[in-house]
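First up is the structure itself, then whatever we jot down about it.
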Amino acid sequence: MRAHRRYADIIRDLKGLPEQTTPDFPQAIRAVIERIADPEETLRAILELPGLTTSIRFYALYGLLLRMRREERHSDYEQTVARYAKQFSKEPYFITFLAIAERNRGDVASLRKAVELSRQAASDMPEVAGVVHQVAVFMAEYLERRAAPPTTAEIAEAERCVDKAITATNGQIAHYHETKARVLALRRDFDSARVSLNRAIELEPRQGRDHHRRLTQYQTTRIRIDLLEQQARWDELQESGKRELTEFKNQQLQLMGLLAAVVALIAAGGNIASQSKPADGVILIQVMAGAVVIVFSAFSLMTARSLWRVLVSFVAGAALITVPYILGR
């Protein structure tokens, strides 16, 4: 009973919290935890107190896990979730703890499982902004880490979730905007991503315990956006280089075919000219030269930057063909 009296005020605050599945619950319980001087020791003690309702003890577990997550104590987090899984597995929020534990492992397969668990939680609590936002932030991290590029549908799902969370909270939760920035960066809308990130920095509460941690996180996201933009530019340059190389190879093949045809034409013309009268042979060679000039002029249209030069060459070739006939030869 002495322990109950010691934590009476905090227990009373926990009893006054709204239901877990209501939109107000996440911010309300965070406000209670912020007022506790030594949250970890206090919440551990409440969690083990006999005679308390399951919901009060679960609220204490929520606060304890929140503390561990803030400090990035991933092993402690996973062990605590596993320890109390049997007691609290039926609580609506417990699946979000499982998702966070999977995400904390860091590998891509665990991130994918974290996204699946978060989707299930969002399906059970569609009106809770924090739960819906968890889908978006875990998807963003998964898509950033995965080797395969994100699909349009995946980016659209993440953006839809974060937009829903932002709308539900009237745009007042800072780190939701940071998640929006990450999703926009995945969509390669880098200017809009920076706008959303600046909004997150402006909204971050200066008096909150998470202030410095959040600012560090936002600066990391700023660097990530810059790197993604640079990577996008390199990818674009690489694709452009590939296209130009392919075009060059095709042009070389066409040129080789053209040269083969010209050589055959010259050989055939030379053979005919050798069997003709000298004057007729000269005219034939002149006409062949004009035809070759016209053919090369036509080929140059695909690559030449100066159309005037091509036109002059074409006129010269046409002159070589027509002059003998104009002169009556």
Side-chain angles (χ1 to χ4, degrees), residues 65-66 68-79 81-82 95-123 129-166 173-201 210 213-239:
L65 291 174
L66 179 62
M68 293 177 178
R69 188 180 182 188
R70 282 174 171 172
E71 297 175 355
E72 297 190 2
R73 293 156 53 190
H74 300 330
S75 297
D76 290 343
Y77 191 102
E78 185 172 358
Q79 291 170 8
V81 170
I95 192 171
T96 67
F97 302 159
L98 296 175
I100 293 169
E102 289 290 342
R103 176 262 175 191
N104 289 344
R105 292 176 183 174
D107 59 283
V108 176
S110 296
L111 281 171
R112 183 173 63 249
K113 188 172 182 180
V115 171
E116 294 171 355
L117 291 169
S118 298
R119 284 173 175 156
Q120 184 178 341
S123 176
V131 176
V132 177
H133 169 260
Q134 184 171 283
V135 179
V137 71
F138 286 177
M139 280 197 72
E141 187 169 355
Y142 170 62
L143 296 175
E144 289 167 353
R145 294 278 309 281
R146 193 180 66 181
T151 65
T152 303
E154 289 171 331
I155 295 175
E157 179 185 1
E159 189 169 9
R160 185 168 57 251
C161 289
V162 72
D163 284 343
K164 182 177 180 180
I166 290 173
I173 305 299
H175 62 280
Y176 291 4
H177 293 278
E178 186 243 355
T179 301
K180 173 76 170 181
R182 294 171 68 178
V183 175
L184 289 170
L186 287 169
R187 191 151 56 84
R188 298 195 172 188
D189 188 355
F190 302 109
D191 289 337
S192 298
R194 291 187 177 92
V195 171
S196 291
L197 185 60
N198 290 337
R199 179 63 175 163
I201 294 172
D210 288 341
R213 181 176 69 89
R214 294 286 190 194
L215 289 183
T216 301
Q217 179 179 327
Y218 298 158
Q219 293 305 321
T220 301
T221 299
R222 189 188 300 278
I223 295 172
R224 182 185 291 112
I225 292 171
D226 292 340
L227 290 174
L228 286 173
E229 184 175 24
Q230 188 63 44
Q231 181 181 353
R233 290 175 180 172
W234 279 110
D235 289 344
E236 185 176 349
L237 288 173
Q238 186 177 22
E239 288 300 320

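A search for side-chain contact (heavy atoms from CB on, under 4.5 Å) contacts involving S123 returns nothing, not counting sequence neighbours.
Considering CZ of R222 and CG of L215, their distance stands at 10.5 Å, rounded to 0.5 Å. Note: R224 CZ to Y218 OH = 13.0 Å, rounded to the nearest 0.5 Å. The structure places OG1 of T151 at 11.0 Å from CG of L186, a figure rounded to the nearest 0.5 Å. Atom OH of Y77 and atom CD1 of I100 lie 3.5 Å apart (nearest 0.5 Å). A distance of 8.5 Å separates OH in Y142 from CE in M139, rounded to the nearest 0.5 Å. Between the OG1 atom in T221 and the CD atom in E144 there is a gap of 7.5 Å [rounded to 0.5 Å].
Shortest non-hydrogen contact noted between A99 and S118 is CB-OG, 3.6 Å. For the pair F190 and A185, the tightest heavy-atom approach, listed with the atom from each and the gap, is CE2-O, 3.6 Å. Nearest approach of D107 to R145, heavy atoms of both residues: CA-NH2, 4.1 Å.
Salt-bridge check for E154 with R146: passed, with a basic side-chain N closer than 4.0 Å to an acidic carboxylate O. With respect to E102 and R112, no salt bridge is recorded, no charged nitrogen being found less than 4.0 Å from a carboxylate O. Salt bridge annotation for R73-E78: absent, with no cationic side-chain nitrogen under 4.0 angstrom from a carboxylate oxygen. Ion pairing between a basic and an acidic side chain is recognised when a charged N comes within 4.0 Å of a carboxylate O; E72 and R213 show no such pairing.
Within 6.0 Å of CD on E116 lie more than 12 heavy atoms contributed by other residues, nucleotides or ligands. Within 6.0 Å of CZ on R69 lie no more than 12 heavy atoms contributed by other residues, nucleotides or ligands.
Each of V135, V183, I166 was compared with C161 under the side chain to side chain contact (heavy atoms under 4.5 Å, CB included) criterion, and only V135 meets it.
A heavy-atom distance below 4.5 Å is not found between the side chains of L111 and F138. Residues R103 and L98 are not in side-chain contact: their nearest non-hydrogen atoms beyond the backbone lie 4.5 Å or more apart. No side-chain heavy atom of Y176 sits under 4.5 Å from any side-chain heavy atom of V137. In this structure, the side chains of L184 and S196 come closer than 4.5 Å at one or more pairs of heavy atoms. Side-chain atoms of N104 and M68, non-hydrogen and from C-beta on, never get closer than 4.5 Å to each other. For the pair I201/Q219, a side-chain contact is recorded, criterion being any heavy-atom separation below 4.5 Å from C-beta on. Contact of the E141 side chain with the R182 side chain is registered, since non-hydrogen atoms from C-beta on lie closer than 4.5 Å. With contacts defined as side-chain heavy-atom distances shorter than 4.5 Å, the pair L197/H177 does not qualify.
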Note to self: Evaluate D226 against Q231 for side-chain contact (heavy atoms from CB on, under 4.5 Å), listing each step before the verdict.
What the structure shows: CA-CA 9 Å; D226 292 340; Q231 181 181 353; over 6 Å; no

Next item on the list: Dump the intermediate steps for side-chain contact (heavy atoms from CB on, under 4.5 Å) on R105 and H74, then the final yes or no.
Entry: CA-CA 8 Å; R105 292 176 183 174; H74 300 330; over 6 Å; no

Next item on the list: Show your working on salt bridge (charged side-chain N to carboxylate O under 4.0 Å, His left out) between E229 and R188 and close with a plain yes or no.
Entry: CA-CA 7 Å; E229 184 175 24; R188 298 195 172 188; over 6 Å; no

Note to self: Between R119 and E157, does the side-chain contact (heavy atoms from CB on, under 4.5 Å) criterion hold? Intermediate values first, please.
What the structure shows: CA-CA 11 Å; R119 284 173 175 156; E157 179 185 1; 2.9 Å; yes

Next item on the list: Take T220 and Q217 through the test side-chain contact (heavy atoms from CB on, under 4.5 Å) and record every step on the way to the result.
Entry: CA-CA 5 Å; T220 301; Q217 179 179 327; 5.6 Å; no

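Using modelled atom types, no side-chain atom of R199 and backbone atom of E178 make a donor-acceptor pair closer than 3.5 Å.
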